[in-house]
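Note that the structure is a prediction, hence the values are computed from the model and not measured.
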Amino acid sequence: MTQKRLSFMCSPSGLETLDKLSVDALVLMPFADDQPLKGTAGFCDWRLNGRLSRIIQSGSFTAKPLEVLLTNTQGKIGTERIFLFGQGMRKEMDLEVFEKRIQEVLATIKKARINSYALELPGTHPGPLSFPQVMPAFLDVVTSFLPDTTLTLLCPAPKNVELISKIVAGDNRVAVKPTKH
């Protein structure tokens with residue numbers, strides 16, 4: 001019996017990466033106090049001409065914990081669907097909250113039968129969490145919930161791409177694909 005392995009790639013976040021995405025869905029996890037939107041969510045909002053900010057300003061999505069919104073990209077980035085998963089206030093993020101929220105996000109992705117997705121980990125840029133702190137827990141959750149999917153992890157700080165690749169390289173549950181820059 002062949003062991004299922006997560007197909008994993010890490011890419012720097014940015015407009016070029018969004019344009020070249022080839023995944024079923026983009027997963028954004030904004031905080032309620034991120035105004036303007038930061039990281040990948042900010043780049044995505046820019047590419048969508050402020051549409052995500054307008055959704056938030058209208059009150060249709062407030063980024064409170066457990067809040068989920070599915071929207072389309074109108075063909076403006078390399079995927080058709082965007083899931084927004086509210087994270088609450090940034091100061092409330094710690095490792096325990098991180099694990100719980102990632103489990104909720106991945107359970108939803110699994111129910112939606114998404115086979116390939118891109119996401120940026122919440123609370124890592126800007127802090128309060130670091131990649132060495134969250135990656136072991138993240139890998140445990142993702143390989144138990146979605147072991148045979150394709151994940152592109154987006155990093156807002158390009159220097160973290162190499163760090164994450166080193167952390168993931170030793171995990172036999174993960175098949176690491178070459179990093180795209």
A.B. asks: Glu67 side chain to Ala63 main-chain N or O, any donor-acceptor pair under 3.5 Å?
C.D. replies: yes
A.B. asks: Start with the C-alpha distance between Ile114 and Val27, add both sets of side-chain angles, then the distance that settles side chain to side chain contact (heavy atoms under 4.5 Å, CB included), and finish with yes or no.
C.D. replies: CA-CA 11 Å; Ile114 301 295; Val27 177; over 6 Å; no
A.B. asks: Give a yes or no on whether Leu66 and Leu28 share a hydrophobic cluster (residues Ile, Leu, Val, Met, Phe, Trp, Tyr; joining criterion: side-chain heavy atoms under 4.5 Å apart).
C.D. replies: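 Different clusters.
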A.B. asks: Taking Thr124 for its side chain and Ser130 for its backbone only, find out whether a donor-acceptor pair lies under 3.5 Å.
C.D. replies: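 Here the side-chain-to-backbone pair does not exist.
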A.B. asks: Examine Val176 and Val142 and state if one hydrophobic cluster contains both, with Ile, Leu, Val, Met, Phe, Trp and Tyr joined whenever side-chain heavy atoms are less than 4.5 Å apart.
C.D. replies: yes
A.B. asks: Check this for me, if you would: do Asp148 and Arg5 make a salt bridge, where the nitrogen-to-carboxylate-oxygen distance has to be below 4.0 angstrom?
C.D. replies: no
A.B. asks: Taking atom types as modelled and ignoring hydrogens, do the side chains of Arg51 and Thr71 form a donor-acceptor contact shorter than 3.5 angstrom?
C.D. replies: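 Side-chain D/A pair, Arg51 to Thr71: present.
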A.B. asks: Out of the candidates Leu146, Thr152, Leu26, only one should pair with Tyr117 under the side chain to side chain contact (heavy atoms under 4.5 Å, CB included) rule; please name it.
C.D. replies: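 One option only clears the test, and that one is Leu146.
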A.B. asks: Is any side-chain heavy atom of Phe43 less than 4.5 Å from a side-chain heavy atom of Leu48?
C.D. replies: no
A.B. asks: Should Leu95 and Leu119 be counted in the same cluster of Ile, Leu, Val, Met, Phe, Trp and Tyr side chains packed under 4.5 Å apart?
C.D. replies: yes
A.B. asks: Do Phe85 and Pro30 have side chains that get closer than 4.5 Å, going by heavy atoms?
C.D. replies: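 No; the side chains remain at least 4.5 Å from each other.
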A.B. asks: Tell me, with the steps shown, if Ile77 and Ile82 meet side chain to side chain contact (heavy atoms under 4.5 Å, CB included).
C.D. replies: CA-CA 10 Å; Ile77 63 174; Ile82 298 173; 4.3 Å; yes
A.B. asks: Taking the side chain as everything from C-beta on, heavy atoms only, tell me whether Cys155 gets closer than 4.5 Å to Ser13.
C.D. replies: no
A.B. asks: Between Asn115 and Thr149, do the side chains contain a donor N or O and an acceptor N or O under 3.5 Å apart?
C.D. replies: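 The criterion, which ignores hydrogens and geometry beyond distance, is not satisfied for Asn115 and Thr149.
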A.B. asks: Any sub-3.5 Å donor-acceptor pair from Asp94's side-chain atoms to Val97's backbone N or O?
C.D. replies: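 Side chain of Asp94 to backbone of Val97: a pair is present.
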A.B. asks: Are Glu16 and Lys20 within salt-bridge range, i.e. N to O under 4.0 Å?
C.D. replies: yes
A.B. asks: Hey, what do you get for NZ (Lys111) to CG (Leu106), rounding to the nearest 0.5 Å?
C.D. replies: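 So the NZ of Lys111 and the CG of Leu106 are separated by 12.0 Å.
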A.B. asks: Nearest 0.5 angstrom please: Cys10 SG to Lys166 NZ, how far?
C.D. replies: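 Here the interatomic distance stands at 12.5 Å.
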A.B. asks: Nearest 0.5 angstrom please: Phe145 CZ to Asp140 CG, how far?
C.D. replies: 11.5 Å
A.B. asks: Using a 4.5 Å cut-off on heavy atoms from C-beta on, say whether the side chain of Asp24 contacts that of Arg81.
C.D. replies: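 Sidechains of Asp24 and Arg81: in contact.
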A.B. asks: Nearest 0.5 Å please: distance from the CZ atom of Arg101 over to the CD atom of Glu92.
C.D. replies: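 Going from CZ on Arg101 over to CD on Glu92, the span is 7.0 Å.
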A.B. asks: For a side-chain hydrogen bond (donor to acceptor under 3.5 Å, both in side chains) check, start with the C-alpha distance between Thr150 and Ser116, then their side-chain angles and the critical distance, and finish with the verdict.
C.D. replies: CA-CA 4 Å; Thr150 300; Ser116 64; 5.9 Å; no
A.B. asks: For Glu120 and Leu153, what are the C-alpha separation, side-chain angles and deciding distance, and is it a side chain to side chain contact (heavy atoms under 4.5 Å, CB included)?
C.D. replies: CA-CA 6 Å; Glu120 178 181 290; Leu153 187 64; over 6 Å; no
A.B. asks: Side-chain contact test, heavy atoms from C-beta onward, threshold under 4.5 Å: evaluate it for Leu69 versus Ser60 and give yes or no.
C.D. replies: no
A.B. asks: For residues Phe8 and Val174, report the shortest heavy-atom separation together with the two atoms involved.
C.D. replies: CB-CG1, 3.3 Å
A.B. asks: Are Leu6 and Phe138 connected in a single hydrophobic cluster, I mean Ile/Leu/Val/Met/Phe/Trp/Tyr linked by side-chain heavy atoms less than 4.5 Å apart?
C.D. replies: yes
A.B. asks: Do Leu151 and Met9 make a side-chain contact, defined as non-hydrogen atoms from C-beta onward lying under 4.5 Å apart?
C.D. replies: no
A.B. asks: Going by heavy atoms in the side chains, are Leu154 and Ser11 under 4.5 Å from each other?
C.D. replies: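 Yes. Closest side-chain heavy atoms under 4.5 Å.
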A.B. asks: Going through the distances and angles, do Met29 and Ile102 end up as a side chain to side chain contact (heavy atoms under 4.5 Å, CB included)?
C.D. replies: CA-CA 10 Å; Met29 295 180 264; Ile102 290 296; 4.2 Å; yes
A.B. asks: Answer whether the closest heavy-atom distance between the side chains of Asp34 and Gln87 falls below 4.5 Å.
C.D. replies: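 No; the side chains remain at least 4.5 Å from each other.
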A.B. asks: If two hydrophobic side chains count as joined below 4.5 Å and joins carry through other members, does Val141 share a cluster with Ile167?
C.D. replies: yes
A.B. asks: Give, for atom OG of Ser53 and atom CD of Gln35, the distance between the pair rounded to the nearest 0.5 Å.
C.D. replies: 6.0 Å
A.B. asks: How close do Thr17 and Pro12 get, counting heavy atoms only, and between which atoms?
C.D. replies: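 Residues Thr17 and Pro12, closest heavy atoms: OG1-O, 2.6 Å.
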A.B. asks: State, to 0.1 Å, how close Arg90 and Gly123 come at their nearest heavy-atom pair, and which atoms those are.
C.D. replies: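 Closest approach of Arg90 to Gly123, heavy atoms only: NH1-CA, 4.1 Å.
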A.B. asks: To the nearest 0.5 Å, tell me how far Thr40 OG1 sits from Leu121 CG.
C.D. replies: 10.0 Å
A.B. asks: Using a strict 4.0 Å threshold on nitrogen-to-oxygen distance, state whether Lys91 and Asp33 make a salt bridge.
C.D. replies: no
